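The structure presented is a predicted model; accordingly, all values stated were derived computationally and were not measured. Because only heavy atoms are used, hydrogens play no part in the values below, and waters and symmetry mates are left out as well, while side chains stay in. In the text below, chain A, chain B and the rest are named by the order of the sequence lines, each starting its count at 1.
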Amino acid sequence: MATQHSRSAARIMMAPAVILLLGWMLVPLTMTVIFSFKKYLPLRGGDLGWVGFDNYVRFVSSSTFWPSVQATLVIVGGVLAITVVFGVLLALLLDQPMWGQGVVRILVIAPFFVMPTVSALVWKNIFMDPVNGLFAHLWKFFGAEPISWLSEASMPSIILIVSWQWLPFATLILLTAMQSLDSEQLEAAEMDGASPLARFGYIVLPHLGRAITVVVLIQTIFLLSIFAEIFVTTQGAFGTRTLTYLIFQRVLESQNIGLGSAGGVYAIILANIVAAFLMRIVGKNLDT
Amino acid sequence: MGRITLDKVTKSFGATEVIPPLDLTIEDGEFTVFVGPSGCGKSTLLRLIAGLEDVSSGQIRIDGNDATMVPPAKRGLAMVFQSYALYPHMSVRKNIAFPMRMANMPQEEQDRRIDAAAKALNLTDYLDRKPGQLSGGQRQRVAIGRAIVREPSAFLFDEPLSNLDAALRVGMRMEISELHKKLATTMVYVTHDQVEAMTMADKIVVLRAGHIEQVGSPLDLYRAPRNLFVAGFIGSPKMNFIEGEEAAKYDCHTIGVRPEHITISGSEGAWSGVVGVSEHLGSDTFFHIHETGLAETITVRADGEVGFKHGDRVYLTPRTDMLHRFDTKGLRIDA
Ligand SMILES: Nc1ncnc2c1ncn2[C@@H]1O[C@H](COP(=O)(O)OP(=O)(O)O)[C@@H](O)[C@H]1O
Ligand SMILES: [Mg+2]
């Protein structure tokens with residue numbers, strides 16, 4: 001790709017792909033921004049003209065806005081904490097030579113292949129149902145009063161469901177990182193008198209630092225927009241209305257496209273703030 | 001103190017026995033080199049001494065105390081790994097401090113030892129760098145520094161120079177030898193390179209397939225190799241082996257003669273042949289002689305100024321007083 005000729009040829013050949021991708025991304029984005037400045041009620045008069053920043057002000061001043069931001073951050077934070085901690089522990093476990101390693105690894109990864117809607121339904125109906133769920137039976141077996149999980153402990157339930165889905169991803173990435181650790185380093189630390197815990201703290205964990213940031217970054221991007229799990233379980237009730245869910249309600253339930261679009265733009269801004277924040281951490285971590 | 005005794009030590013991985021029963025004593029303060037071809041079990045033996053592998057049977061004693069079941073950290077031995085095994089996210093200072101930190105040594109004592117080690121190893125200017133920012137030789141020195149500060153009763157080295165380039169290797173060889181003279185601590189050094197073994201060792205242990213073939217000082221091994229394997233392994237270029245009629249003249253199955261114990265001449269000698277490849281090192285020239293009727297090639301060392309060309313007919317004369325004789329089992333026959 002050195003000569004002038006090959007460079008311009010390359011540009012021409014890449015152009016269709018680049019234009020397609022740009023269009024793919026830019027058209028919806030532009031439309032969202034345009035709609036956010038309009039009063040647009042499809043069932044109540046359609047496009048009612050420009051309204052400036054009205055939608056933005058209304059979206060934020062609505063009493064549901066800040067709780068939804070909070071719900072979003074709690075879910076993202078909770079799932080990240082659980083998947084990283086248990087991901088590291090599972091990776092440690094799976095890295096040990098053991099009988100049936102291949103099968104165990106596949107089983108651990110399996111939840112990742114289940115569609116979010118399906119897994120949420122399975123959790124809701126098979127585990128968390130207050131009458132027939134497995135948890136209810138377990139509680140009754142020990143003589144306790146069954147909990148109606150999705151209404152009484154809605155937030156922990158959703159965090160549990162989403163964590164279950166994302167734990168395999170975290171485990172997989174962390175296990176790969178674990179396997180790239182030079183075993184001589186651990187042996188050197190062992191000879192240097194480091195206890196197993198010290199070896200974990202001083203050698204393994206720093207080695208995993210980069211993988212952990214990658215897990216956090218990728219998961220955050222996906223978790224900010226979780227939807228199916230909430231739609232299928234609580235429908236946004238009991239304090240589980242995230243920003244994404246709020247936007248969905250504005251657009252489809254209230255049939256207010258302008259207001260929903262303004263919410264969409266806020267979501268983009270929030271995602272970018274989080275991403276910028278994470279990038280700085282990753283940047284620091286990658287720069288060893 | 002650091003006297004290490006191996007008593008009928010064996011090691012098997014699953015069904016494969018890597019070390020058959022083996023006895024060996026490493027004296028206090030001695031520089032012992034384990035040498036042998038790749039895969040012969042040198043690293044395994046060293047790791048058994050270190051405690052990184054469990055022995056399958058037998059006993060390891062350090063200074064007379066049974067250490068067979070003692071965990072690696074408690075054996076008082078320090079190891080330098082082939083990959084250096086530095087902790088990549090810690091600075092050089094923290095790397096060197098690590099064993100002392102794990103032992104909860106007072107900070108002033110730690111600093112004193114780090115400074116002393118850094119000075120001895122020319123690392124003072126690099127203490128705040130990360131291992132990734134150092135050259136191979138410097139990393140090697142950090143690894144040695146991390147071993148020194150523990151003031152171990154013995155150092156274990158596993159092919160520490162094999163990742164360095166040739167010039168650096170010669171330099172580090174000297175430094176390690178000098179370190180040994182200065183500290184007078186037992187050192188066990190593993191290498192597959194017989195030149196390293198010859199130049200550094202007080203005592204060489206030649207291994208093949210987990211067996212000890214011979215133990216002795218470098219010159220013992222050079223002068224009186226116990227069998228064909230040691231004879232061929234020690235010395236560079238390799239000893240020439242001649243079988244058949246010529247060997248029968250000396251009442252043995254095989255005779256061995258080193259390249260440096262053959263004189264080459266253009267006019268007369270005991271054997272004749274044709275010059276093949278010659279390697280000019282400047283100080284010496286090695287001629288590979290073909291068509292002698294004795295062996296496929298005979299290697300001869302000559303002075304650097306001797307100038308035979310490819311295809312020249314030459315005559316060779318071995319020094320009969322430097323001849324090695326071996327029987328049908330490949331064992332040395334002493335005169
Ligand atoms: N952990 C292990 N599991 C099975 N076999 C091993 C293991 N470590 C070493 N070996 C085998 O033991 C033999 C000796 O290995 P090693 O001591 O590393 O040789 P060297 O260091 O002399 O090159 C080799 O054949 C190797 O395949
Ligand atoms: Mg080895």
Side-chain angles (χ1 to χ4, degrees), chain A residues 84-85 87-88 91-92 95-102 173-217 278-288, chain B residues 13-14 43 46-47 49-53 70-91 94-105 129-133 139 142-160 163:
Chain A
V84 168
V85 171
V88 170
L92 270 178
D95 197 30
Q96 311 297 320
M98 60 176 161
W99 187 80
Q101 199 163 38
I173 303 261
L174 293 169
L175 178 62
T176 322
M178 197 86 79
Q179 285 169 339
S180 74
L181 176 58
D182 176 12
S183 64
E184 286 196 345
Q185 267 179 43
L186 286 175
E187 288 174 346
E190 193 180 347
M191 293 210 65
D192 282 346
S195 65
L197 206 62
R199 264 177 269 158
F200 177 74
Y202 287 109
I203 314 293
V204 178
L205 214 49
H207 176 78
L208 291 182
R210 197 175 296 192
I212 289 175
T213 32
V214 169
V215 166
V216 168
L217 191 65
L278 289 169
M279 283 302 209
R280 281 186 53 179
I281 304 175
V282 177
K284 236 186 233 155
N285 241 321
L286 294 185
D287 166 51
T288 27
Chain B
F13 291 108
S43 299
L46 197 71
R47 292 165 58 83
I49 296 174
L52 293 171
E53 302 278 359
V70 176
K74 299 268 154 54
R75 296 192 182 191
L77 310 174
M79 183 146 166
V80 175
F81 292 83
Q82 182 172 2
S83 68
Y84 316 140
L86 299 179
Y87 312 128
H89 43 83
M90 295 184 199
S91 66
K94 290 231 171 86
N95 261 284
I96 298 178
F98 192 74
M100 300 188 281
R101 203 160 140 209
M102 290 298 112
N104 288 318
M105 192 182 286
R129 294 219 195 154
K130 294 268 173 69
Q133 298 164 312
R139 281 181 217 181
V142 176
I144 294 174
R146 193 171 63 187
I148 291 179
V149 293
R150 289 180 53 193
E151 300 186 350
S153 57
F155 290 92
L156 310 176
F157 293 92
D158 191 356
E159 310 218 8
N163 288 340

Next item on the list: List in chain and number order the residues that pass side-chain contact (heavy atoms from CB on, under 4.5 Å) with Ala177(A), two or more places apart in sequence or in another chain; answer none if no residue qualifies.
Entry: Leu208(A), Ala211(A)
Next item on the list: Give the minimum heavy-atom separation between Arg150(B) and Met191(A), together with the two atoms involved.
Entry: NH1-O, 3.0 Å
Item checked: Engaged part of Met90(B) at the chain A interface, taking heavy atoms whose separation is under 4.5 Å -> side chain
Margin query: Counting only non-hydrogen atoms closer than 4.5 Å, does Ala103(B) touch chain A with its backbone (N, CA, C, O), its side chain (CB onward), both, or neither?
Written below: neither
Notebook entry, point to check: Which atoms of Ala194(A) come close to chain B, meaning under 4.5 Å heavy atom to heavy atom: side chain ones, backbone ones, both, or neither?
Noted result: both
Notebook entry, point to check: Do you know which of Ser195(A), Ala189(A), Ser183(A) has the most heavy-atom pairs under 4.5 Å to chain B?
Noted result: Ala189(A)
Next item on the list: In sequence, state the C-alpha distance, the side-chain angles, and the governing distance for Leu46(B) and Phe157(B), and then conclude on side-chain contact (heavy atoms from CB on, under 4.5 Å).
Entry: CA-CA 8 Å; Leu46(B) 197 71; Phe157(B) 293 92; 5.8 Å; no
Next item on the list: List the steps, then state whether salt bridge (charged side-chain N to carboxylate O under 4.0 Å, His left out) holds for Asp192(A) with Arg101(B).
Entry: CA-CA 9 Å; Asp192(A) 282 346; Arg101(B) 203 160 140 209; over 6 Å; no
Next item on the list: Taking Arg146(B) for its side chain and Pro99(B) for its backbone only, find out whether a donor-acceptor pair lies under 3.5 Å.
Entry: no
Item checked: Nearest heavy-atom neighbours spanning Leu156(B) and Ala50(B) -> CD1-CB, 3.5 Å
Notebook entry, point to check: Are there residues of residues 70-85 of chain B that reach to under 4.5 Å of chain A by heavy atoms, and which ones?
Noted result: Pro72(B), Ala73(B), Leu77(B), Met79(B), Phe81(B), Gln82(B), Ser83(B), Ala85(B)
Checklist line | Aromatic ring proximity Tyr87(B)/Phe98(B), centre distance under 6.0 Å | finding: yes
Next item on the list: Apply side-chain contact (heavy atoms from CB on, under 4.5 Å) to Val88(A) and Ile212(A), showing your working.
Entry: CA-CA 9 Å; Val88(A) 170; Ile212(A) 289 175; 4.2 Å; yes
